[in-house]
Amino acid sequence: MNKLNIFKREINYVLLLLPALLIYCTFFIIPTLKTALYSFTNWSDVNPVVVKFVGLDNYIALFKDSLYLTGIRNTLIYAVLAMFGQNVLAIPLAVFLNKKLKTKNLLRAAFFLPAVFSVLVIGFLWNFMYSPSDFGLINQLVVALGFERINFLGDPHLALYSVIIASVWQWVGYTMVIYLANLQSIPTDYYEAAKIDRASGLQMFRYITLPLLLPAITFNTVMGMINGMKVFDIVYALTGGGPGYATETIVSLMLKKGLSEGFYSYGAAFGIVFVILVGIITFIHISLIKMWERR
């Protein structure tokens, strides 16, 4: 009888999880498996009906494609710098806005506001800011300081970093809110004890605030890295992958090859390698964070 009761209870738990599991399988597991299957075929606009198994040909071609390697490099640069920039700015900002300021609610809302807007809106805004014309706000300041105009989005050496700056500006407020939530959960007793021991503000930040922010740091850095690896929208809004291929990412190349140019199986191979790459980088990232936590 006891076993029957336990079985009924476990069945109830399974039934509660079943809708979420069905959604997960329908929109992630099954599409991923089908994508992996198609990546070993020659499916394209040229062969929309006669689909043949070609083995690893798509993957071999992929890693011989210098454009794909450029996409990997750009994606990694974007992911690392955007994640680093957001967190380096968000932590001191959160510490500052956690103080007893009369305008702290207004300032929190102002910094968080860019995260509310569509990425396309942010792209149009920064296109105006970066414009090399007389209407470009940043170039107006550059000229006023006596320097030559800078083509932020037209220079292959600057375009990717210009996109990163726009992205950091948009998401630093969101990252700050996560840190604020963590800061408000830290007991004030630690700081009072540190003041009694005459610890400086920097010492309290290093030995109290920073270690106790590790849960938020782990979340923000891991999610920042994953989102950075998936970047497409801000690149599309600002540069479209140009100039040339200077800001092409893995996702933008996958969409161009797989959808725009009709090489569906090649695009599928892009997607599978992308998923594996994100998994490896996330695993390494989490392992490094855990090593830091243990220290």
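Computed from a prediction, not measured in an experiment: that's the story for all the values here.
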Query raised in the report: Please walk me through it: do Leu76 and Met229 pass side chain to side chain contact (heavy atoms under 4.5 Å, CB included)?
Result: CA-CA 7 Å; Leu76 289 174; Met229 292 291 293; 3.9 Å; yes
Query raised in the report: So Phe135 and Phe128, side chain to side chain contact (heavy atoms under 4.5 Å, CB included) or not? Walk me through it.
Result: CA-CA 7 Å; Phe135 300 102; Phe128 165 73; 4.2 Å; yes
Query - Exercise: do Thr209 and Tyr190 side chains pair donor with acceptor under 3.5 Å - result: no
Requested in this report: Would you mind listing the cluster partners of Phe27? Hydrophobic ones only (ILVMFWY), side-chain contacts under 4.5 Å, chaining allowed.
Outcome: Ile23
Query raised in the report: Is the CZ atom of Phe40 crowded by more than 12 outside heavy atoms at less than 6.0 Å?
Result: yes
Query raised in the report: Phe63 and Tyr59: ring-ring contact (aromatic ring centres under 6.0 Å, His included), yes or no, with the steps?
Result: CA-CA 6 Å; Phe63 285 102; Tyr59 292 94; 7.7 Å; no
Query raised in the report: Can you check whether Pro243 reaches Pro156 side chain to side chain, under 4.5 Å on heavy atoms?
Result: yes
Query raised in the report: Any luck finding a side-chain donor-acceptor pair between Tyr179 and Asn87 under 3.5 Å?
Result: yes
Query raised in the report: Are the side chain of Ser131 and the backbone of Asn127 linked by a donor-acceptor contact shorter than 3.5 Å?
Result: no
Requested in this report: Tell me, yes or no, whether the heavy-atom count around Tyr78 atom OH, taken from other residues, nucleotides or ligands under 6.0 Å, exceeds 12.
Outcome: yes
Requested in this report: May I ask you to test the Trp126-Trp169 pair for a side-chain heavy-atom distance under 4.5 Å?
Outcome: yes
**Report entry** Tyr161, OH atom: more than 12 neighbouring heavy atoms under 6.0 Å
**Finding:** no
Requested in this report: Report yes or no: does Ser167 contribute a side-chain atom to a donor-acceptor pair with the main-chain N or O of Ile164 at less than 3.5 Å?
Outcome: no
Requested in this report: Say whether, by atom type as modelled, one donor and one acceptor occur between the side chain of Gln203 and the main chain of Ser200 under 3.5 angstrom.
Outcome: yes
Report summary line: Applying salt bridge (charged side-chain N to carboxylate O under 4.0 Å, His left out) to Arg206 and not counting sequence neighbours gives none
Query raised in the report: Above 12 or not: heavy atoms from other molecules or residues under 6.0 Å from NZ of Lys104?
Result: yes
Query raised in the report: What do the steps show when you test Ile150 against Asn139 for side chain to side chain contact (heavy atoms under 4.5 Å, CB included), and what is the final call?
Result: CA-CA 7 Å; Ile150 302 171; Asn139 269 305; 4.0 Å; yes
Query raised in the report: Are there more than 12 heavy atoms of other residues, nucleotides or ligands under 6.0 Å from atom CZ of Phe205?
Result: yes
Query - From CA spacing to verdict: side chain to side chain contact (heavy atoms under 4.5 Å, CB included), Phe117, Leu125 - result: CA-CA 11 Å; Phe117 293 115; Leu125 172 64; over 6 Å; no
**Report entry** Pair Asn151, Tyr130: side-chain N/O donor-acceptor within cut-off below 3.5 Å
**Finding:** no
Report task. Taking the side chain as every heavy atom from C-beta outward, state whether Glu248 and Lys256 have any atom pair closer than 4.5 Å. Result -> yes
Query raised in the report: For residues Thr247 and Thr239, is any side-chain donor paired with an opposing acceptor at under 3.5 Å?
Result: yes
Query raised in the report: Say you draw a straight line from CG of Leu212 to CD1 of Ile217; how long is it, rounded to the nearest 0.5 Å?
Result: 10.0 Å
Query raised in the report: Any sub-3.5 Å donor-acceptor pair from Ser252's side-chain atoms to Phe232's backbone N or O?
Result: no
Report summary line: Exactly one of Phe270, Tyr245, Phe274, Tyr266 clears ring pair (Phe, Tyr, Trp, His ring centres under 6.0 Å) with Tyr68, and that residue is Phe270
